[in-house]
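We name chains A, B, ... by the order of the sequence lines, and we start the count at 1 in each one.
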Amino acid sequence: MTSRSKRISLSEAAEIIKDGSLLTFSGFTIWRRPCALVYELIRQKRRHLHLIEVNSGPHSEFLIGAGCVDVWESCWIGHELYGKYGANLARRVRQKEIIYEDYSHAEMAFRFQAAAAGMPFMATQTSLGTDIHNPDYDMLGRAGLRNGKNPKIPRKKYHIVDDPFFGDGRQVLVPAAKVDVAVLAVQQVGDEGTVRIAGQFFTDPEVARAADITIVIAEEIVPEEYLRHESHLNKIPSFQVDYIVECPWCAHPTGMFRFYDVDGEFLRNFYTQTRSQEGFNEFAKEWIFGLNHDGYLNKLGVPRLARLKANTVLNYSTRVERGRK
Amino acid sequence: MTSRSKRISLSEAAEIIKDGSLLTFSGFTIWRRPCALVYELIRQKRRHLHLIEVNSGPHSEFLIGAGCVDVWESCWIGHELYGKYGANLARRVRQKEIIYEDYSHAEMAFRFQAAAAGMPFMATQTSLGTDIHNPDYDMLGRAGLRNGKNPKIPRKKYHIVDDPFFGDGRQVLVPAAKVDVAVLAVQQVGDEGTVRIAGQFFTDPEVARAADITIVIAEEIVPEEYLRHESHLNKIPSFQVDYIVECPWCAHPTGMFRFYDVDGEFLRNFYTQTRSQEGFNEFAKEWIFGLNHDGYLNKLGVPRLARLKANTVLNYSTRVERGRK
Amino acid sequence: MKDRTQLAQPGEYTLGDLMTVAAAREVRDNEVVFAGTGMPMIAIMLAQRTHAPRLKLIFEAGTLDGRPKELPTSVGDPRCEVGASVASGLYEAFSIAQRGYVDLGFLGGAEVDEYGNVNTTAIGDYLNPLLRLTGSGGNPDINSFAKRTVYIMVHEKRRFPKNVSYITSPGWRVKNWPTGEWVHRRELYGAAFRGGPSAVISTAGVFRFDEETGRMYLDTYHPGMSPEKIREMCEFDLDISRVSGETVPPTYEEIHLIHHVLDPDEIFLAKPRKE
Amino acid sequence: MKDRTQLAQPGEYTLGDLMTVAAAREVRDNEVVFAGTGMPMIAIMLAQRTHAPRLKLIFEAGTLDGRPKELPTSVGDPRCEVGASVASGLYEAFSIAQRGYVDLGFLGGAEVDEYGNVNTTAIGDYLNPLLRLTGSGGNPDINSFAKRTVYIMVHEKRRFPKNVSYITSPGWRVKNWPTGEWVHRRELYGAAFRGGPSAVISTAGVFRFDEETGRMYLDTYHPGMSPEKIREMCEFDLDISRVSGETVPPTYEEIHLIHHVLDPDEIFLAKPRKE
C-alpha cells in the first residue's frame with residue numbers, strides 16, 4: 001500500500017518555497033543542482049530568499065542575478081573551470097545589495113551534519129586563526145539578524161570553547177544549518193520518496209534531513225518496490241521526502257552522474273555574459289522568462305543534449321568537448 | 001599496483017592486540033562479531049583489555065568470562081532472544097572483578113562518530129534526567145582512571161553546557177570514543193583493504209576510523225579491482241584498514257547477513273552453562289582451548305553449519321530453527 | 001466459520017496475545033515507529049497488517065522503513081532489512097530520532113516507577129548490584145526522542161516500585177543532575193521536549209500518565225483483574241480513579257495474524273492451548 | 001628517439017609543465033593526498049604514474065582513493081569516481097581529514113603572505129571589497145588538517161603582499177581571535193597541529209617555510225628567473241639566503257604524460273609550441 005501521492009509539478013514545487021525562506025540544494029559546485037526548479041522560482045519572482053549552502057554554484061548565480069536573494073551563506077561560489085567566480089554575487093556584494101556570510105567548507109558540512117542529527121552544533125578545529133573567525137566579519141550579526149527573531153538563524157556565528165575531555169585545545173562550535181526547504185536533483189526517486197543517488201552523494205542526505213520540507217526532483221520516478229529490493233543502495237528514506245517531481249535534464253547546465261555531463265559552454269557563456277546586470281537581464285530574457293522547462297530543452301536542442309549524455313559504462317560523456325580549444 | 005600485502009593470519013592478528021589495549025568491534029549485539037579472533041585472544045591469554053563498544057554481545061561475554069577484560073564501557077550486553085543478559089559480566093560486576101561504565105546507546109554511537117570525525121565530543125539531548133548522568137556513577141572516575149595518564153580516556157564522563165546558538169537548552173557533550181584497535185568481521189574485503197558490507201552496516205565505518213589500528217576479518221578476500229568497479233557499495237576505504245584476514249565463519253556463533261544466521265542453540269547453551277565461572281571454564285575447555293578455528297568448525301560439523309547458511313535471495317537462513325519449541 | 005472481526009473469548013487467546021493487541025492499538029497510521037526486539041516487533045507488524053498499513057518502521061540497528069516478511073529475532077537481524085527504504089546504521093537511526101522524526105517508541109523494562117521512569121540496568125545498589133541486567137541499549141534514546149513511548153512489561157509488585165533501582169530511561173519526572181532533585185521532564189529537556197511515556201502495557205492492565213502531574217494511572221484492566229487488585233500489585237499508590245474499563249480482547253483475525261502469519265514458530269509468543 | 005628520462009630543454013616545455021612537475025615531486029609514495037581542482041589534479045595524477053604509484057587520492061566531494069582514467073574538470077566530476085575505493089560525500093572526506101589521515105594537501109590561492117597565509121575570498125576591504133572571489137571552499141580545511149600543504153600560484157607582486165586582504169587559509173603565523181594578535185600556528189591549533197604550508201610553487205619559483213620563524217624563503221627559481229628578481233616580485237622582504245638552485249625542468253617522459261596521457265585536450269595545460 002502506498003502513501004498519499006507525493007508527486008507534484010515543477011511549478012507546484014516552486015510555489016512551496018515562500019518569499020523569505022531559508023533554502024538549500026543538493027549537489028556540489030557544478031554537479032546535480034536543481035536548476036529547472038531554480039528557473040521556475042525566478043519565473044515566479046520569488047524574493048528575499050536566504051540561501052544557506054554547503055557550497056554554491058551556477059544555480060545560486062541564477063537566483064542572485066535575478067534579485068531573488070537577500071542573504072547568501074556558504075563558502076564558495078563559481079563555475080569551476082568555466083567561470084572563475086560568481087560574478088553576480090560579486091557585483092551585488094560590491095553594490096551592497098546582498099548579505100554574505102562566509103564559513104569554511106568543512107564548517108558548512110559539519111553545520112549541515114549537526115542539523116541533520118538534531119544537534120545544535122558540532123566542534124571542529126579547522127580554519128583556526130583565519131579571518132573566517134574574525135568577529136568583525138559576522139555579517140548576519142552586523143545586519144541585526146542574530147536577534148533570535150528567526151529561530152533558524154543562530155544567535156552567534158561561532159562559539160569557542162576548550163576541549164574539556166582530552167586537553168585537545170581550542171574548539172570552534174559551528175551552529176546547525178537549519179533550513180526551511182531543501183531541493184534535491186537526483187537520478188532516481190521511488191514513488192513513495194526513497195532516493196537513490198549514483199556516484200558521490202556530496203552532502204545530500206544531510207541537506208534533506210536538515211530541512212523542514214524536502215522536495216526531490218529526479219530524472220526518473222521509479223517503482224518504490226524496485227528500489228527496496230536493494231535498500232543498501234538508497235541514501236534518503238521515504239519518510240524524509242515530502243514532494244517528488246519527475247523532470248528529465250533537471251540539473252542542466254550542471255551535470256548528473258550517469259545521466260549527463262556539465263554543459264561547460266553554457267556556463268562559460270553565462271559567466272561571460274552576466275558580469276553586468278544588463279547581461280544577466282538579457283540572459284534571463286533568453287533562457288528563463290517566456291520559456292517553460294520543455295521550451296528550455298527545445299531551445300537547447302537534441303544534438304547538444306546528445307553530446308552531454310553520459311556513457312553508461314563510464315558514467316560521464318565521452319562526446320562532450322572539455323578542452324580550451 | 002598494490003600496496004605491501006596487508007594479509008595476515010588469525011593468530012598474527014591477535015598478537016597485534018596488546019595487553020591493556022582499548023579494543024572495539026564491528027557488528028550489533030549478536031550479528032557480525034569477530035568471534036574467531038576473540039577465541040584466539042583467549043587462547044593467547046590476553047589480559048587487562050579495556051573494551052569500549054557501541055553495544056556488546058557474546059564476543060565480549062567470551063572475553064569477560066575468560067578474565068581478559070579489566071574495563072567494560074558500553075550500554076548493553078546480552079544474547080537477545082537466546083540469553084537475557086550477560087551472565088559473565090553480571091558475575092564479575094557482582095564480585096567487583098571488572099570496571100563497568102554505562103552510557104546510552106545513542107551516546108555510544110555519537111561517541112564513535114565523534115572519534116571517527118576527529119572531534120573531541122558531540123552534543124546530544126538524550127537520556128537527560130536519568131542515572132546514566134548521575135555523577136556518582138562515573139565508574140572510570142571512581143577507579144582513578146580519568147587522570148589523563150591514558151590519553152584516550154577522557155578526563156570527564158560528560159560535560160554539560162547550554163546551547164549558545166538557538167536557546168535549545170541543556171546539551172550533554174559526550175567524549176570521543178578513541179580506541180587502540182578495532183576488529184571487524186565483514187563479508188568481503190579487497191586485497192588492498194577496501195571493505196564492502198552487506199545489509200545494515202551498524203557502526204562499522206565509525207568504529208574503523210575511531211581506531212589507531214584496524215583489522216578486518218572477512219568471509220572472503222576478493223580482488224580489489226572487483227570492489228572498485230562499484231565504489232558506492234563500499235563502506236570503508238583501503239587506507240583505513242591496516243591488516244586483513246580471510247576466515248570463513250569468522251563470526252560464528254553470531255550471524256552474518258547474506259552468509260549465515262545466528263547459532264541460537266549455541267548461544268542459549270553458552271548463556272545457560274556459563275552463569276557460573278566453573279561453567280565458563282568448562283565451555284572454554286570444550287570450545288576454545290586446544291582447538292584452532294578449523295578444529296572449531298569441525299567440531300560444529302557440516303550439517304549444523306549447513307542449517308545456518310543464508311538463503312542467497314533472502315540473506316538469512318530458512319532452515320534454522322528459531323522458535324521456542 | 002467464525003466472523004474474524006469478532007472479539008475472542010477467554011481461553012481462546014493468551015495474555016501475550018492480549019498485550020500484543022493492546023500495544024498494536026497504540027499505533028496510528030502514517031506514524032514513524034521505532035521498535036525494540038520481541039513483543040514490540042509483533043505488535044508493530046500486527047498494526048502494519050491491520051489499521052496502520054502506512055506506518056514507517058525504524059530499527060535501531062539501521063533499517064529505515066522496513067517491511068519484514070518474517071519476524072526478526074532482533075533489530076540486527078537480516079529479516080529487518082527486507083523491503084526497507086534504506087539500510088543504514090545506528091548513527092543514522094539515532095540522528096533521525098534526535099532530529100524529531102519519531103512519533104512512537106516501543107520498549108520493554110524490568111522496573112517502572114509512578115512517573116514512568118524505567119530501569120533495565122541493574123537491580124539493587126548500582127555500585128553493588130544484586131543483579132546486573134543488560135544495560136540501557138537504546139531504551140533512553142528512543143524514549144527521549146519520540147513523541148510517545150509505550151512500554152510492555154511483566155507485572156509484579158517489585159517491578160512497580162516507589163523508586164526504581166536505577167533510572168535508565170526517563171519518565172515524566174526525572175532527576176536534575178548534578179543535584180539529583182526531581183523536576184518535570186519538560187523543564188530539563190528544553191527544546192528537545194516532545195512528550196514521554198504514553199502507556200505501560202503490563203500483564204495486569206494498561207496504564208497511562210497525566211502529563212502535568214506526571215503520575216501513572218490505570219486505564220484498563222485485563223480480563224480477570226480488577227483495579228483494586230492491580231493497585232495491590234504496585235508499591236506506589238496507583239491512581240485508579242480514571243479507569244475506563246476492561247482491556248478489549250483480540251479479534252479472531254488478530255489472533256490468526258499473530259500465530260499463523262507473524263509468529264507461527266512461537267519465537268516470542270506461545271500459541272493458546274485451545275485455538 | 002629521445003631518452004625519456006632526460007631533462008627537457010627550454011622551449012620544449014611550458015611554465016605550466018615546469019610547475020606541474022615541481023608540484024608532482026612534492027608527493028611521496030604511499031601518502032594520502034587531498035587535492036583541489038586544476039593543476040593540482042594533473043600534478044597528482046602525474047605523481048601516481050611516476051614515482052608515487054601507491055599514493056591515495058581524496059577528493060573533497062567524496063571520492064576516496066580514486067584512480068581516474070581521464071582528467072576530472074572538478075572534484076565533483078564523475079571522472080573522479082573511476083576505480084575508487086569508496087564513493088561517499090563531503091562529511092566523510094572532511095571527517096577523514098580532521099581525523100588526521102591526510103599527509104599532503106594541494107591547493108591554489110589568489111594572494112599569499114610571508115607566513116603562508118592565503119586569500120581566496122576577497123580583494124580589498126572584506127566589508128567593502130574591490131573584488132569578491134569564490135570564497136574559501138575547502139582551502140582552509142585541507143590546509144588545517146593536512147601534515148603538509150603545497151600551493152600553486154600565479155606570481156605577481158600584488159599577489160605576494162605584506163598582508164593578504166583576508167586570511168582564508170592559515171599559514172605558519174596566524175591571528176588569535178577575538179583580539180587578532182599574531183601567534184604561531186602551533187600555539188593556536190593545540191592537538192590539531194600537524195604542520196602547515198610546506199611549499200608555494202609560483203610562476204617564478206619554489207618557496208618553502210622555516211617552521212620555527214614561519215617565514216617564507218626561496219628554494220629554487222625557475223629558468224630565466226633569479227633570486228634578486230623574485231625578491232623584487234614580493235611586497236614583503238623575501239628571504240633568498242637559502243636558495244638551492246634552479247628549478248629542475250621536466251623530463252621528456254613527464255611532458256609526454258602531461259600532454260598525451262593526462263591532459264591531451266588542453267583542459268588545464270596548453271601544449272608547448274614546439275614539441
query: Side chains of Asp65(C) and Ser238(A): does their closest heavy-atom pair fall under 4.5 Å?
result: yes
Selection from Lys235(A), Met119(A), Gln240(A) maximising heavy-atom pairs under 4.5 Å formed with chain C: Gln240(A)
field: Exceeds 12 heavy-atom contacts within 6.0 angstrom, atom CD of Glu12(A)
entry: yes
message: I'd like to verify something: which residue of Ile96(C), Thr63(C), Ile58(C) has the highest number of heavy-atom pairs under 4.5 Å with chain A?
response: Ile96(C)
- line: CZ (Arg209(A)) and CD (Gln98(C)) are apart, to the nearest 0.5 Å, by 11.0 Å
field: Backbone N/O of Gly83(C) and side chain of Arg228(A): donor-acceptor pair under 3.5 Å
entry: yes
- line: dist Leu55(C):CG -> Phe239(A):CZ (nearest 0.5 Å) comes out at 11.5 Å
query: Are Arg67(C) and Glu224(A) ion-paired here, with the side-chain N under 4.0 Å from a carboxylate O?
result: no
Atom of Ala208(A), atom of Tyr101(C) and distance for their closest heavy-atom approach: O-OH, 4.3 Å
field: Over all atoms of both residues, closest heavy-atom pair of Val86(C) and Ile236(A)
entry: CG2-C, 3.6 Å
Leading residue by heavy atom contact count with chain C [cutoff under 4.5 Å; candidates Pro120(A), Ala210(A), Gly190(A), Gly193(A)]: Ala210(A)
message: Counting only non-hydrogen atoms closer than 4.5 Å, does Phe94(C) touch chain A with its backbone (N, CA, C, O), its side chain (CB onward), both, or neither?
response: neither
- request: Please check if the side chain of Asn234(A) supplies one atom and the backbone of Ser85(C) the other of a donor-acceptor pair under 3.5 Å.
  value: yes
